[in-house]
Amino acid sequence: MPELPEVETVKNQLVPHITGRTVRSVELLWEGMVKGMPVEEFLKRIRGQKILKISRRGKYLLLALSSGEYLVIHLKMTGSLRLGKDGDTEPPRFTRAIIHLDDGQEIYFADPRKFGVLKVIDSLHHVESKLGPEPFEAEFTEKYFIDSLKKRKTPIKALLLDQKFLAGVGNMYADEALFASKIYPARSADSLTRNEARKLYHAIRDVLTAAIGSGGASVVTYFHPDGSKGTAHFQFNVAHGQVKNCHVCGTPIERMVVRGRGTYYCPHCQPKKPGNHEKYPKVSSKK
DNA sequence: CCCGGAACCTGAAGGC
DNA sequence: TGCCTTCAGGTTCCGG
């Protein structure tokens, strides 16, 4: 699915079009998409609500409603949102829900695999309780990151995917960040040297920043609300197995499974043990 | 608490 | 062409 850069892009495109609009109705073509309460109640709670503000938290899209509640949208693996006009836009293939707005606009929620989620919550707590810090917020400091890694024995790749540890990173950008910092994905988090952890911290932010700048990646089913596609995947070094040979050293990119997730990496640039220059990092003068 | 595995679903792609 | 297997960007629940 869409990861942080993709959801951020969707949010940015929706803001100018739907802020201040009122939800006339929601048409469900697949009722299983609604979670947390009976469908009838969901429809009742959202009908007639004005959309005050649109924001993103992790991979969640949050629409603040005039009732004080929030419409939460999660695209999961294959979901996408498209904007159209009542009467003259054909809903995209695999449309599972249509949100009708008061000005004739329609938001199509397409999702081939039906994993996507729509729900109404009365407090952001329901989302916040599942998430760690945002990669770009002040609380997520280099020190916090480095110190946290030391306490965890889980594979570093798995930790990056843990939304409670850090919100927004998914499979593609985890692979890209590990490649950029030359770290073997299955290494335990606490085995990273201080210098590796520092490089990874900055790689995560750099990779996400670059992807947002490219409007996200459009690898399989992802589109922008206006129907265009992101181009971040053209910059991928390993993610999604699109690249055959490493751009840096020419070694064939390999695939392995880390905690159940397909993981692409360069066996030469990301060796199982840190290189000699990493093994004995410069000791900080203080402490 | 940690971890692996399965479940939720369906389509696309590759092998034969 | 058709059948079968594998894979897919996420999250959550269950059992050991």
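So you know, we letter chains A, B, ... as the sequences are listed, proteins then strands, and number each from 1.
- Contact annotation: A/Lys114 side-chain N/O to B/dC8 OP1/OP2 distance is not under 4.0 Å.
- At least one side-chain nitrogen or oxygen of A/Arg93 sits closer than 4.0 Å to the OP1 or OP2 atom of B/dA12.
- The side chain of A/Thr154 has B/dC3 as its nearest neighbour among C/dT12, C/dC7, B/dC3.
- Rounded to the nearest Å, the gap between the P atom of B/dG5 and that of C/dC7 is 14 Å.
- Between the P atoms of B/dG11 and C/dT11, the separation comes to 22 Å (whole Å).
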Exercise. Output, in order, the C-alpha distance, side-chain angles, deciding distance and verdict of salt bridge (Lys or Arg N to Asp or Glu O under 4.0 Å) for A/Arg21 and A/Asp103.
Key: CA-CA 7 Å; A/Arg21 298 266 57 98; A/Asp103 64 347; 3.5 Å; yes
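- A/Arg113 places its CZ atom 12 Å from the C1' atom of C/dT6, with the value rounded to the nearest Å.
- Listed nucleotides C/dG10, C/dT12, B/dC2 differ in distance to A/Arg152; the shortest reach to its side chain belongs to B/dC2.
- Counting any heavy atom pair closer than 4.0 Å across all strands shown, A/Phe94 reaches sugar-phosphate atoms only and no base atom.
- Where stacking is scored as ring centres under 5.5 Å apart with planes under 30°, A/Phe115 does not register as stacked on the base of C/dT11.
- The pairing partner recorded for B/dC9 is none, the criterion being a Watson-Crick or G-U wobble arrangement whose two distances lie under 3.5 angstrom.
- Atom name P, nucleotides C/dT6 and B/dA6: the rounded distance is 13 Å, in whole Å.
- Contact check, A/Lys130 against C/dT12: a side-chain N or O comes under 4.0 Å of OP1 or OP2.
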Exercise. Carefully, step by step, assess A/Leu160 and A/Leu178 under the rule side chain to side chain contact (heavy atoms under 4.5 Å, CB included).
Key: CA-CA 10 Å; A/Leu160 295 181; A/Leu178 288 167; 4.0 Å; yes
Exercise. Using the salt bridge (Lys or Arg N to Asp or Glu O under 4.0 Å) rule, take A/Lys182 and A/Glu196 through it: C-alpha gap first, then chi angles, then the decisive distance, then the call.
Key: CA-CA 8 Å; A/Lys182 305 192 185 306; A/Glu196 287 175 323; over 6 Å; no
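- Nearest-nucleotide assignment on DNA chain C puts the 5′-proximal partner with A/Tyr264, out of A/Tyr264 and A/Leu161.
- Linking ILVMFWY side-chain heavy atoms closer than 4.5 Å, directly or via other members, places A/Tyr264 and A/Val248 in a single hydrophobic cluster.
- If you measure from atom CD of A/Gln163 to atom P of C/dG10, you get 8 Å, rounded to the nearest angstrom.
- The gap from the P atom of C/dT1 to that of B/dT10 amounts to 26 Å, rounded to the nearest Å.
- Atom P of nucleotide B/dA7 and atom NZ of A/Lys35 are separated by 16 Å, given to the nearest angstrom.
- Going from the P atom of C/dC3 to that of B/dC9 covers 25 Å, rounded to whole Å.
- Using cut-offs of 30° and 60° on the angle between ring planes, the pair A/Phe145 and A/Tyr201 is tilted.
- In this model, the phosphate group of C/dA8 is not approached by any side-chain N or O of A/His240 to a distance below 4.0 Å at OP1 or OP2.
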